[in-house]
Amino acid sequence: MSKEIRVRFAPSPTGFLHIGGARTALYNWAYAQRLGGTFILRIEDTDQERSTPENTAQIVSSLKWLGLTWDEGPEMGGAFGPYIQSERAPLYSEVLEQLKQTQKVYPCFCTPELLNEKREIAQAEKRYTGYDRSCRDLSEAEVEQLTLAGTPHVWRLKLPLERESVDFEDAVFGPISVPMSQLDDFIILRTDGTPTYNYVVCVDDVLMQISHVIRGDDHLSNTPKQIMVYEAMGAPLPVFAHLSMILGSDGKRLSKRHGATSVDTYEQEGFLSDALFNYLALLGWSLDGQTTLMSRELITTHFSLDRISKNPAVFDPEKLAWMNQVYLKEMGAAAFVAAWEPYLLSDGLATSEEIANRQSWFESVYPLVVERIHTLSEVNEKVSYLLSGNYVELDEKSQEKCLQTEEGGRVLQACLSLLSNQELSWNTASIESALRTLPEQLGLKPKVVFQTIRVAISGNMVSLPLFESMELIGKEACLARIERVSSR
RNA sequence: GCCCCGUUCGUCUAGCGGUUUAGGACACCGCCCUCUCAAGGCGGAGGUCACGGGUUCGAAUCCCGUACGGGGUACCA
């Protein structure tokens, strides 16, 4: 009988969804998909200072954009709610009561000042700096007296002293062993009555019956402590799988100075969900060491914890950009125009109505531009000259080099008379065959001829393919553009 | 300080003792194509598998140590 697979992603809503968090969520999601398990979203908002509902909404929206949908979570609910930590306080107290009854915890009346003092001494003497358990053996009478006197106190977990070490098998890192001498009776309830992280995360995972804890490796070192909580609760251990960090190009933790770190920024910059998904899946996991382009389908049918890498991975924006272009080239014209539309609107290059009315025109831009861009946000600057009517802004350097020359003038004149021909049907093939006669006619190299026309049409020495551009711009506008520059 | 973890081309990785002259992808270089830029095709360079010891007939692969990096060691999460 295989146990039910239940995994969770538990972000703190202290900011947008980070690339690292997205990958953690993705691995959890993929694992659940693969095994037909349940994926749970839990919001860890116990840090009331920095947590905001706006951030939660933002994280939710980024997860959805990436296609990482959950089966249980805030709003939608589920059988193990609530799914927002700040609403779970009664559960933490309930579990604590049980731990008190089973004598797994004890109150500690040491002041923070005293604790600090002891720690400093231990440090100076190079001894273990953990709590010395001085309150562990207080008699019932002493406890009662201190409590009645209203002495502030915390609650600590009573670790089994007879034990030698805490051992567990991490699904990614393999066997991990930490000597018991390195663990202390850590605090699970603060003086102010709030529970600590290492305690609540366990309570949540136990009560939500999480079978696999897949999370960042910054939690690896705390896992032994958490195992102590599981054991105190008499709960079975989940499988732990820790994921190493994602780093910036300098080998330091990925941060703002490495560029965009939040999923929502990538969305805005015009990365495709499928591309980011593919890239993130590959950042620390591999199918076979050969395959780099993988559909969600492929990933979810093959994802496994044992192929996750232990090494921290450097995030490479260039590879992501390459991958995004691959996906752009695969998406097709109609999907492209739909994805491009928001950018057209925000730059005021077109209205929704124009796009709808000239759908096929916009779609025919797709094959021209797609192999020259890596993100959707780069499209407009490449195509704006196609949408500027009779006028085109001229790049100074291009103008100087291609238009303000003796050859340039001749090319433009010849071109103008050729294109003015009423017989010429205005399409790429006809325009091309007509203009192809020019180099020989003028005794100039093709490159010189076409670069001149290109600058007249597009305003720049670099543009989308010339003849296709001319067809899309239209005869009238093209003639107007050439006339304008040749009459200078 | 102490504890835990990691270390294969610049980067992501394959590799689980012999099939490896260490494979693939991005980036890089060259050639072809070509109206520019791209895209594409073909080819190339790039790794003494962090270092030092072992174990073994044989090690990137197993063991020990060192160095470097990361994490933990909080009444942070």
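Just so we're on the same page: letters track the sequence lines, and every chain starts at 1. Not measured: the values here are computed from a predicted model.
Set against C35(B), A74(B), A14(B), the side chain of Pro446(A) has C35(B) as its closest nucleotide. Side-chain proximity of Lys329(A) to the nucleotides A77(B), G40(B), C26(B) is greatest for G40(B). Comparing G1(B), G72(B), A14(B) against the side chain of Lys126(A) picks out G1(B) as the nearest. Across G71(B), C37(B), A77(B), the shortest atom-to-atom separation from the side chain of Val462(A) is found for C37(B). The nucleotide whose nearest atom lies closest to any side-chain atom of Trp322(A) is, among G70(B), C26(B), U36(B), C26(B). Nearest to the side-chain atoms of Leu220(A) among the listed nucleotides C3(B), G72(B), C5(B) stands C5(B). Comparing A25(B), C5(B), G6(B) by their nearest atom to the side chain of Thr292(A) picks out A25(B). Listed nucleotides: C2(B), A27(B), C75(B). Nearest to the side chain of Gln182(A): C2(B). Of the listed nucleotides (G1(B), A14(B), C37(B)), C37(B) has the atom at the smallest distance from the side chain of Arg372(A). In the set G40(B), U36(B), G24(B), the nucleotide with an atom closest to the side chain of Gln290(A) is G24(B).
The CG-P distance, from Asp395(A) to U36(B), rounds to 18 Å in whole Å. Distance Glu318(A) CD to A27(B) C1': 5 Å, rounded to the nearest Å. Distance CG (Leu247(A)) to C1' (C12(B)): 12 Å, rounded to an integer number of Å. Rounded to an integer number of Å, the gap from Glu378(A) CD to C37(B) C1' is 13 Å. Rounded to a whole Å, the CG atom of Leu464(A) is 14 Å from the P atom of C37(B). Here the P atom of nucleotide C4(B) and the CG atom of Asn198(A) are 18 Å apart, to the nearest Å.
Contacts of Thr191(A) with the nucleic acid, taken as non-hydrogen atoms under 4.0 Å apart, include base atoms. At the heavy-atom level, Phe467(A) lies under 4.0 Å from base atoms of the strands shown. As judged by a 4.0 angstrom heavy-atom cut-off over every strand, Thr46(A) is placed among residues touching the sugar-phosphate backbone only. Using a 4.0 Å heavy-atom criterion, one finds that Arg156(A) contacts no nucleic acid atom at all. Backbone-only engagement by Asp218(A) is indicated by non-hydrogen atom pairs under 4.0 Å involving sugar-phosphate atoms exclusively. Among the protein residues, Thr14(A) comes within range of no part of the nucleic acid, since none of its heavy atoms lies under 4.0 Å from any strand. Residue Cys110(A) is classed as a base contact, given a heavy-atom separation below 4.0 Å to a base. Using a 4.0 Å heavy-atom distance criterion, Asp170(A) is classed as making no nucleic acid contact. Pro465(A) comes within 4.0 angstrom of a nucleotide base, judged by non-hydrogen atoms across all strands. Note on Gly284(A): only backbone sugar-phosphate atoms sit closer than 4.0 angstrom, heavy atoms only; bases stay farther off. Nucleic acid contact class of Val154(A) (heavy atoms, under 4.0 Å, all strands): base. As judged by a 4.0 angstrom heavy-atom cut-off over every strand, Glu432(A) is placed among residues making no nucleic acid contact. Among the protein residues, Pro112(A) comes within range of the nucleic acid bases, having at least one heavy atom under 4.0 Å from a base atom. Nucleic acid contact class of Leu282(A) (heavy atoms, under 4.0 Å, all strands): sugar-phosphate only.
Shown here, A59(B) forms no base pair; nothing in the strands shown gives a Watson-Crick or G-U wobble contact with both key distances under 3.5 Å. If you check C75(B) for Watson-Crick or wobble pairing at under 3.5 angstrom, you find it has no partner at all. With a 3.5 Å ceiling on both atom-pair distances, the Watson-Crick or G-U wobble partner of G65(B) is C51(B). Remark: C28(B) base-pairs with G44(B). Criterion, Watson-Crick or G-U wobble with two distances under 3.5 Å.
For the pair His258(A) and Phe315(A), the minimum side-chain heavy-atom distance is 4.5 Å or more. With a 4.5 Å cut-off on side-chain heavy atoms, Asp316(A) and Leu283(A) do not count as touching.
Between Thr405(A) and Glu400(A) the shortest heavy-atom distance is CG2-O, 4.0 Å.
Here the side chain of Asp184(A) pairs a donor or acceptor atom with the backbone of Tyr131(A) at under 3.5 angstrom. Asn55(A) contributes a side-chain N or O that, together with a main-chain N or O of Pro13(A), makes up a donor-acceptor pair within less than 3.5 Å.
The only member of Arg119(A), Glu113(A), Lys118(A), Glu120(A) that meets side-chain hydrogen bond (donor to acceptor under 3.5 Å, both in side chains) when paired with Asn116(A) is Arg119(A).
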Apply side-chain hydrogen bond (donor to acceptor under 3.5 Å, both in side chains) to the pair Asn324(A) and Tyr279(A), showing each step before the final yes or no. CA-CA 9 Å; Asn324(A) 200 52; Tyr279(A) 181 73; over 6 Å; no

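With C1' as the reference atom, A45(B) and G53(B) are 34 Å apart, rounded to whole Å. Across C51(B) and G43(B), the matching C1' atoms stand 36 Å from one another, rounded to whole Å. Atom C1' of C29(B) sits at a distance of 24 Å from the matching atom of U48(B), rounded to the whole Å. On the P atoms, C68(B) is 24 Å away from U13(B), given to the nearest whole Å. Taking atom P on both C62(B) and U7(B), the two are 10 Å apart, rounded to the nearest angstrom. For the P atoms, the distance from G15(B) to G54(B) is 29 Å, rounded to whole Å. Comparing G46(B) with G30(B), their C1' atoms are spaced 15 Å from each other, to the whole Å. A gap of 11 Å separates the C1' atoms of A59(B) and C49(B), to the nearest Å.
When only modelled atom types and interatomic distance are considered, Thr428(A) and Glu471(A) share a side-chain donor-acceptor pair under 3.5 Å. No donor-acceptor contact under 3.5 angstrom links the side chains of Arg88(A) and Gln85(A), judged on distance only.
At the phosphate of G71(B), OP1 or OP2 sits under 4.0 Å from a side-chain N or O atom of Arg253(A). When the side-chain nitrogen and oxygen atoms of Arg127(A) are compared with OP1 and OP2 of C3(B), none of them lie within a distance under 4.0 Å. Between Asn311(A) and U8(B) there is a side-chain N or O to OP1 or OP2 distance below 4.0 Å. Proximity of Ser463(A) to the phosphate of C37(B): no side-chain N or O atom is located under 4.0 Å from OP1 or OP2.
For A27(B), the base has no donor-acceptor partner in the side chain of Lys319(A) [N/O atoms by modelled type, under 3.5 angstrom]. Interface remark: the Thr196(A) side chain does not form any donor-acceptor pair with the C75(B) base, using a distance-only criterion of under 3.5 Å.
Of the residues near RNA chain B, Arg23(A) and Leu466(A), the one whose nearest nucleotide (by heavy atom distance) lies more toward the 5' end is Arg23(A). Between Tyr197(A) and Lys310(A), the residue anchored nearer the 5' end of RNA chain B, judged by the nucleotide with its closest heavy atom, is Lys310(A).
In summary, Arg8(A) and Glu44(A) do not engage in a salt bridge, as defined by a charged side-chain N under 4.0 Å from a carboxylate O.
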